[in-house]
S.K.: 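The structure follows.
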Amino acid sequence: MNDEINNQINNEDIEIRLLLDAIFLKYGYDFRGYSDAHMKRRILRRMGTQGIKSITDMQYRVLYDKEFFDSLLTDFSVNVTEMFRDPHFYKAFRTEVVPILKTYPFIKIWHAGCSTGEEVYSMAILLKEEGLYDRTQIYATDFNEIVLQKAKEGIYSIDAIKEYTYNYQKAGGKASFSDYYRAKYDSVILDHNLKEKIIFAGHNLVTDGVFGEMNVIFCRNVLIYFNRDLQSRVIKLFLDSLVNGCFLCLGSKESVKFTSSALYFETFIEEEKIYRRKFNVIL
Amino acid sequence: MNYKAVVIGASMGGLEALRVILSSIPNNFAAPIIIVQHISPQSDNYMIEYFNHKCSLIVKEAEEKEQICPGIVYIAPPNYHLLIEKDGTMSLTVEPRVNYSRPSIDVLFETAADAYREGLVGVILTGANSDGSNGLKKIKDRGGLAIVQDPITAVSDNMPKAAIKNTNVDFVLNLQKISCKLIEIFQE
């Protein structure tokens, strides 16, 4: 019995590898460096909801049914997010990083893997309240055009408003969260003033390169989906995209610690995973 | 049978149940113990500190991409799912709640079943929902061992009962006997 089971698992793993190869060869999206266990769950879940019998069947559909692939892509890239998620992070950013940013004449910020935009707008609100918004240029990127479109719209479900309001206050919000949106039916529409300094663009962390020099890079709860090697590569990309002495903000369970670029960063705020690119490191 | 790891899932009443089990595990225990205890997203690490005082093994929060080592107790952090990778490391994700829970016992058990296969022991303790019963079934399907806390002894019997209903459990035991069974299984 055990051999049979092991065979099945091994075959599944082979099929997943072939599926990811097929996606890469056909469409250029590279999921091969993502966490194996996570990808397997997403693939099996998709099979379950669509009644697809095997991973090989899914591979066939991926190659021959573009619409199917498009929805699978969205499946692979939608990440759960909320406005002012981890309010203590925003609070710490306000009190420790903002004073330093205030000394810069101009600020460039990159939200890498911005998903549906909640984090981007949260930062926009914070920057406005701290009087920094007008001298900032914000780049919000994601590899998925569909979520990027959602991010551009800035329309969210009214269900989450209570939680967002709570988060906003805990994050040190200086006004009232309701100042930044208007409600319409079962949605909230964020104030279009928040969008003025934001450029939304397609960018794939796995396959694309440096596009500018930044003062702050946010990439929170994206790296957890990558395996170690890919995490290292992406942190290197961020290193190359950061001005000396400037900031990288990761998710609360993420770290630069085990990556090949660790020595180039100093820990600025340990608990909030805010790192700073060291000045002039000579190795 | 050569077992390699233990995964434990608990919810309501789990803190005390885990204390009873962990405080009886000797410090030469030969396997890792990986735990999902349902916990509020805003919790701090009091649970880790608490167990460290009660248990002779090191108890720590499971970290992103950390290599799993024998004789250490890993606990899933609040508001993240804990997954086991085939290369013996742990991953965290922020996927939607599973069975209204994050961390979810099913997510831990299912990924652990893939990673450890017949070398896995799965334990379901007290709890108010049925998170974990699908996971325990998968552990059995992969040739592993299934232990469930005797519902009569549980603060909340929903989770043990759901697990027993869903799969052919190997042992239904009270907490002390679960400790003894684990020690017996992993005796060198």
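Order of the sequence lines sets the chain letters (A, B, ...), proteins ahead of strands, with each chain counted from 1.
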S.K.: Got a salt bridge between E61(B) and K253(A), using NZ or NE/NH1/NH2 to carboxylate O under 4.0 Å?
M.R.: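 Yes.
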S.K.: When you look at CD1 of I58(B), are more than 12 heavy atoms from neighbouring residues, nucleotides or ligands closer to it than 6.0 Å?
M.R.: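 Open.
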S.K.: Under 4.5 Å from any heavy atom of chain A, what part of L92(B) do you find: side chain, backbone, both or neither?
M.R.: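 Both the backbone and the side chain of L92(B) come within 4.5 Å of chain A.
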S.K.: Under 4.5 Å heavy-atom distance to chain B, tell me which part of K257(A) shows up: side chain, backbone, both or neither.
M.R.: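 Side chain of K257(A) only, per the 4.5 Å heavy-atom cut-off to chain B.
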S.K.: One pair to check against side-chain contact (heavy atoms from CB on, under 4.5 Å): E110(B) and R41(A). What are the steps and the verdict?
M.R.: CA-CA 9 Å; E110(B) 285 165 7; R41(A) 279 193 75 81; 2.7 Å; yes
S.K.: To the nearest 0.5 Å, what is the distance between CG (D86(A)) and CD (Q42(B))?
M.R.: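 So the CG of D86(A) and the CD of Q42(B) are separated by 10.5 Å.
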S.K.: Is any residue of residues 156-180 of chain B within less than 4.5 Å of chain A by heavy atoms, and which ones?
M.R.: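 Residues of residues 156-180 of chain B touching chain A at under 4.5 Å: none.
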S.K.: Examine distances only and state if a side-chain atom of K65(B) and a backbone atom of I224(A) form a donor-acceptor pair shorter than 3.5 Å.
M.R.: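 Present.
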S.K.: Using a cut-off of 6.0 Å, state whether more than 12 heavy atoms not belonging to K60(B) lie near its atom NZ.
M.R.: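 Yes - once you tally the heavy atoms of other residues, nucleotides and ligands closer than 6.0 Å, there are more than 12.
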S.K.: What's the verdict on side-chain contact (heavy atoms from CB on, under 4.5 Å) for E64(B) and R228(A), showing C-alpha distance, side-chain angles and the deciding distance?
M.R.: CA-CA 10 Å; E64(B) 234 290 288; R228(A) 275 248 185 127; over 6 Å; no
S.K.: Run the side chain to side chain donor-acceptor pair (under 3.5 Å) test against Y80(B) and tell me which residues pass, sequence neighbours left out.
M.R.: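 Expected list: N221(A), S252(A).
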S.K.: Need one label for S91(B): side chain, backbone, both or neither, based on atoms under 4.5 Å from any heavy atom in chain A.
M.R.: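 For S91(B), the side chain is the part near chain A, not the backbone.
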S.K.: Non-hydrogen contacts under 4.5 angstrom with chain B: give the residues of residues 47-54 of chain A involved, or none if there are none.
M.R.: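 The residues closer than 4.5 Å to chain B amount to none at all.
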S.K.: Is the closest side-chain heavy-atom distance between S35(A) and E85(B) below 4.5 Å?
M.R.: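 A side-chain contact exists here, since the closest heavy-atom pair is under 4.5 Å.
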S.K.: Counting heavy-atom pairs under 4.5 Å with chain A, which one of T89(B), T111(B), T93(B) comes out on top?
M.R.: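 Ranked by contacts with chain A, first place is T93(B).
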S.K.: Flag the pair E95(B) / Y225(A) as yes when at least one side-chain heavy-atom distance between them is below 4.5 Å, and no otherwise.
M.R.: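 Touching, per the 4.5 Å side-chain cut-off.
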S.K.: Starting from the C-alpha separation in whole Å, work towards a yes-or-no answer on side-chain contact (heavy atoms from CB on, under 4.5 Å) for V80(A) and R102(B).
M.R.: CA-CA 12 Å; V80(A) 172; R102(B) 187 171 58 215; 4.1 Å; yes
S.K.: CZ of R45(A): more than 12 outside heavy atoms within 6.0 angstrom?
M.R.: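 It does: R45(A) CZ has more than 12 such atoms within range.
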S.K.: Inspect the surroundings of NZ in K137(B) and state if more than 12 heavy atoms from other residues, nucleotides or ligands are less than 6.0 Å away.
M.R.: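 Counting other residues, nucleotides and ligands, NZ of K137(B) stays at 12 neighbours or fewer.
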S.K.: So if I take each residue of residues 69-79 of chain B and look for any heavy atom under 4.5 Å from a heavy atom in chain A, which residues do I end up with?
M.R.: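 Expected list: P77(B), N79(B).
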S.K.: Does the distance from a Lys or Arg side-chain N to an Asp or Glu carboxylate O, for D36(A) and K86(B), drop under 4.0 Å?
M.R.: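 Here D36(A) does not pair with K86(B) in a salt bridge, since their nearest N and O are not under 4.0 Å apart.
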S.K.: So, taking the atom named CG in D13(A) and the one named CG in D114(B), what distance separates them when rounded to the nearest 0.5 Å?
M.R.: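 So the gap between those two atoms works out to 7.0 Å.
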